[in-house]
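Below, read A as the first sequence line, B as the second, and so on, with proteins coming before strands; counting in each chain starts at 1. Small disclaimer: the values here were computed from a predicted structure and weren't measured.
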Amino acid sequence: MTAARYVGARVLRVEDPAFLMGRAHYLDDITPPGTLHAAFLRSPHAHARLVSIDTSRALMLEGVHAAVTGHDLRDEPPFTTTIPTRPECKTGTRRLLTIDKVRHVGEPVAVVVARNRYIAEDALDLIHVEYELLAAVMDPEAALAPDAPLIHEELGDNDFATIRFSAGDPDAVFARAPHTFAKRFHFGRTHAAPLEGRGVIGDWDAVSGRVTVWTSTQMPHLVRGLLAGQFGLPENRLRVICPAVGGGFGLKVTLFVEEAIIPLLSRQLARPVKWVEDRYEALAASGHSKEVVMEVEVATAADGRFLALRGSYIGDGGAYLAHPWTSLIDPLCAASFLPSFYDVQDVSYIVRTPFTNKCPAVAYRGVGWTSGQVAREALIDDVARELGIDPVEIRLRNAIPDGEPYLTATGASYDGGSFSESMRRAAELVGYDQLRVRQAALRREGRYLGIGVSPFVEQGGWAARIAAVNGFPGFAYLDSVGVTMEPDGTVTVASGFQANGQGHETTLAQVVADELSVPFESIRVVQGDTDAVPYATGSYGSRTAVVGGGAAMRAAGDVRTKLLRLGAHLLEASPDDVELADGHIRVKGSPAQAVTVKQAAAAAYFGPRPDDLDPALSATRSYDPPETYSNACIVAVVEVDAQTGKVVVERLLAVEDCGTIVNPLVVDGQVSGALAQAVGAVLYEGLPYDTDGQFRAGSLADFLYPQATEVPAIEVSHLETPSPVTEGGFKGMGEGGLIGGPAAIVNAIADALAPFGARIERTPLRPCDVLELIERGGERDRAS
Amino acid sequence: MDDQSGTAPVAAGTTPVVPGIGHAPAVWAAGLVRLRVNGEPRSGVAEPRTLLSDFLRHELGLTGTHVGCEQGACGSCAVLVDGELTLSCLALAVQADGCAVETVEGIAHGSRLHPLQQAFQLKHGLQCGFCTPGMLVAARALLAATPDPSEQQVREHLSGNVCRCTGYTGIVDAVLEAARALRESGEPGA
């Protein structure tokens, strides 16, 4: 490793100019010659038997090329989804287009292909569907009742999996503990809602036997593999191109049925076919996230030390399993991080995953860690209030020791962090003690300020080991990066980690530039095409800095070894006697004897070079990292208007430690963006269904993104505890703001409303919900 | 040219009839729309119902203007029509006939970034880039009218533009930075 010059620096992003000039190409900016356009007819009902579908009038409309129903695709294999390494799991199947019944509002029932999208949508109005309504199952707990209507009859009940875990003897600890506390929390549905929705272009070339699929995804190679299996094609016949992605946030680490249907339409019509979802489709029918009904309990000593934790997590999986992750991605990840930041070794949980007649549950930044964090941290604030201990103090009393390896009760091997330090620093930066003084003064004026703290441990770099810790054991991951030094000494990095806003073209280049001691500007990162980059599972789970950065370091290290041999040969020195620094290969102790990296690169291609050296200046290496964990503490300060229920987020502050920072600009941006999503998830972004299963948030007038006026100037501060176990010391980050943020905001609101005796048990907390909390709290006070 | 909306004008009287529904609305007569875009005269075919956003993107090939919601709620499609900040997903192409339209593609000077664009890069005011064209167009309109905005003015002005990536911190910093740079260079709102 040469001295770091770029890693750690606030390098401006090389991808920005194209975006800023409107020259980047997203999926809908690509239209191959001859493209036809698809539109989906979607169910208006939550649960209904499909009696008949008549597409004949749609087919008569000028410009319509096809109208396809489930019957037309009945010979296509269904998506088959399970976690085969977990015997508790059933196996879910989903036809590409349903035949028997619809299971949520927005489920596709037919698709029209036409000359343009306008005509395709006109034709949808000409399709006649007869439905026979069935009772809808909208409540995840009710879905588990023995007499609940079945959503997938073949599974026998509505529970995809029930998973139990216990470490130590929590029940015995609870039985004799001085205090026990319980909290129920229903974290509401939310939506990753990337500004660019999903979109697919399929081009099935029967002549060459090649199938090209453009899709807006975070996982091009996994899409290729899953679709090759789906279509019965050799994997090397499929090419997945992923253009610029207008945000993913985990939603696009799902394979959607539309991604399989559109290429099949291209096969049928021998023309490229494109579908770009509209905002209603995005909101109603892409994927919802994070809805978990939780009951968490803590047993404590008299001094507030935590002795044991128990949790129940019912994750509302919606109508179908997210492919390939399943609906466990929220509740099981929530449960696996029940202890998180706290030193508790007696822990148990139960996870259940009911199907309901709602949009399928998919991953969204922080998955179930978000929901689980909210339930645990809200419980801890209850404990602090009951025992009269400051919320910061009670957490510090229970924190895992800083800096040391630690094995959690749920099996996570932490690689050392700044747990208490991050919390102390956050309290100091926010001016915690002064805020408490101000809070007391404002309360005397009838104003309600609240402070919420939320420390957490964040998995960094989802790969085999971390997946196992989160309850997904027995899977290997192959994630590789290719590094090639060209004849002129410039470097091409080929990455299968698909960026969707994180700036990989900059950060991976920083890592490689340091490894090869070449200027950052001489590096170009290629991504977005399975024909052009080596295999990787993609960009999700805060993994690219750790897994991709590590693979890039290893590949660049192989190239560096060859450069040193080439340089030594040019210098007529032993490879052991030369070193790489400042763009030169030098004889150690004799710095005047040197060749440039560029000269050594040229020698590889054109000589002179050692006879026994394979001169290919290219390496592809993978990295399957050991477990690594970032940590952080979020503090939220809010003011609640008790008359209107409006919550103003005054401050949001993060102290985060993701080990070695590749680029603080990018890290700050990730924290800030995730915290804005936390504001949305808690205060604005409800996805309500009524009891009949009608979806009530089908437009952006209903689903409210936080805007510049709702998000404060976010404050981010860094600690840097490099991982002792990963390449480069990277720990991985990106999700944390949305893991810790919602709990901080919920706790701040609870703190503000403490004088009313309000108990928060659900999100979202819109003004009407806050007013209800105030009224109910008052009623409780009068009753007691 | 690809086979996009509006490229196949059908003469009145020849529209096919669908049994039971009469004339298909998709083929109501299309016409020529002439306008100036980023200073250049352009023209293209649009049906009466063709959205300005679709016309710019698919008829004129100016794909820098993005469509995020088609509901007028996200601001990704913002353009200037005769200097007025306009959501092109809520405007019809025919309404822009004879107008001067400015899109994100017209902001840079050739391949040189405009100070506003430079500020967005410097302050990390973009991540995935999808909202960026609308943000830039909206910010330009602000700076043209208000060369020295306060942070609150920036936030309120941009409240019609959604960003899902940045948390707005970098965007607000970028607009304030651009305002400063433009004032110092003596070309406010340029």
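- Put simply, the side chain of Leu113(B) reaches to within 4.5 Å of the side chain of Met21(A), judged on heavy atoms.
- A distance-only check finds a donor-acceptor pair linking the side chain of Arg164(B) to the backbone of Ala192(A) [under 3.5 Å].
- Proximity to chain B (any heavy atom under 4.5 Å) is shown, for Pro706(A), by both the backbone and the side chain.
- Put simply, of Gly170(B), Cys165(B), Cys131(B), the one with the most heavy-atom pairs under 4.5 Å next to chain A is Cys165(B).
- For Phe130(B) against Tyr26(A), the heavy-atom pair with the smallest separation is N-OH, 3.2 Å.
- Note on Arg117(A) versus Asp54(B): no salt bridge recorded, every NZ/NE/NH1/NH2 to OD/OE distance being 4.0 Å or above.
- When heavy atoms are compared at a cutoff of 4.5 Å, Gln71(B) approaches chain A solely by way of its side chain, counted from C-beta outward.
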List the steps, then state whether side chain to side chain contact (heavy atoms under 4.5 Å, CB included) holds for Ile714(A) with Tyr168(B).
CA-CA 9 Å; Ile714(A) 288 165; Tyr168(B) 304 102; over 6 Å; no

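- A salt bridge links Asp122(A) with Arg49(B): the closest approach of a Lys/Arg side-chain nitrogen to an acidic carboxylate oxygen falls below 4.0 angstrom.
- Heavy-atom distances place the side chain of Glu151(B), and not its backbone, under 4.5 Å from chain A.
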Could you please spell out the steps behind the side chain to side chain contact (heavy atoms under 4.5 Å, CB included) verdict for Leu195(A) and Ser76(B)?
CA-CA 8 Å; Leu195(A) 207 47; Ser76(B) 303; 3.5 Å; yes

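- Annotation: side chain of Leu12(A) is in contact with side chain of Leu122(B) (closest heavy-atom distance under 4.5 Å).
- Considering only heavy-atom pairs separated by less than 4.5 Å from chain A, the leading option among Cys69(B), Cys163(B), Ala73(B) is Cys69(B).
- Counting only heavy atoms from C-beta outward, the side chains of His58(B) and Asn116(A) never approach each other to under 4.5 Å.
- Comparing Gly680(A), Ala193(A), Gly247(A) by how many heavy-atom pairs each has under 4.5 Å with chain B, the most go to Ala193(A).
- Contacts of Gln670(A) with chain B are made by both backbone and side-chain atoms, with heavy-atom separations under 4.5 Å.
- Of the listed residues (Pro712(A), Gly246(A), Ser672(A), Ala24(A)), the one with the most heavy-atom contacts under 4.5 Å to chain B is Ser672(A).
- A donor atom on one side chain and an acceptor atom on the other are not found under 3.5 Å apart for Ser159(B) and Thr709(A).
- Nearest heavy-atom pair, Gln121(B) versus Pro17(A), reported as atom, atom and distance to 0.1 Å: NE2-CD, 3.9 Å.
- The heavy-atom pair separating Leu20(A) from Thr132(B) by the smallest distance is CD2-CG2, 3.7 Å.
- Per-residue counts of heavy-atom pairs under 4.5 Å with chain A were compared for Thr169(B), Val104(B), Leu126(B); the largest is that of Leu126(B).
- At a 4.5 Å heavy-atom cutoff, the contact between Val245(A) and chain B is made by backbone atoms alone.
- A 6.0 Å sphere centred on CD of Glu84(B) holds no more than 12 heavy atoms belonging to other residues, nucleotides or ligands.
- At a 4.5 Å heavy-atom cutoff, the contact between Ala713(A) and chain B is made by backbone and side-chain atoms alike.
- Contact of Leu675(A) with chain B is not made at all, since no heavy-atom distance falls under 4.5 Å.
- Under the 4.5 Å side-chain criterion, counting only non-hydrogen atoms from C-beta, Leu136(B) is not in contact with Phe19(A).
- Considering all non-hydrogen atoms of both residues, Asp278(A) and Glu70(B) come closest at CB-OE1, 3.9 Å.
- Counting heavy-atom pairs closer than 4.5 Å to chain B, the top residue among Ala701(A), Ala676(A), Ser699(A), Ala499(A) is Ser699(A).
- When all heavy atoms are compared, the tightest approach of His66(B) to Asp29(A) is NE2-OD2, 4.2 Å.
- Here the closest non-hydrogen pair linking His124(B) and Gly669(A) is CD2-CA, 3.7 Å.
- Side-chain atoms of Gln707(A) never come within 3.5 Å of backbone atoms of Val162(B) as a donor-acceptor pair (strictly under, hydrogens ignored).
- Arg13(A) touches chain B through backbone and side chain together, each having a heavy atom under 4.5 Å away.
- Contact check for Thr63(B) versus His25(A): side-chain heavy atoms found under the 4.5 Å cut-off.
- Within the 4.5 Å cutoff, no side-chain heavy atoms of Glu196(A) are placed close to those of Cys128(B).
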Walk me through whether Asp16(A) and Gln117(B) qualify under side chain to side chain contact (heavy atoms under 4.5 Å, CB included).
CA-CA 9 Å; Asp16(A) 285 356; Gln117(B) 293 167 316; over 6 Å; no

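- Without hydrogens or angle criteria, Arg155(B) side chain to Val711(A) main chain gives a donor-acceptor distance under 3.5 Å.
- Under a cut-off of 6.0 angstrom, the local environment of CZ in Arg10(A) is crowded, with over 12 non-hydrogen atoms contributed by other residues, nucleotides or ligands.
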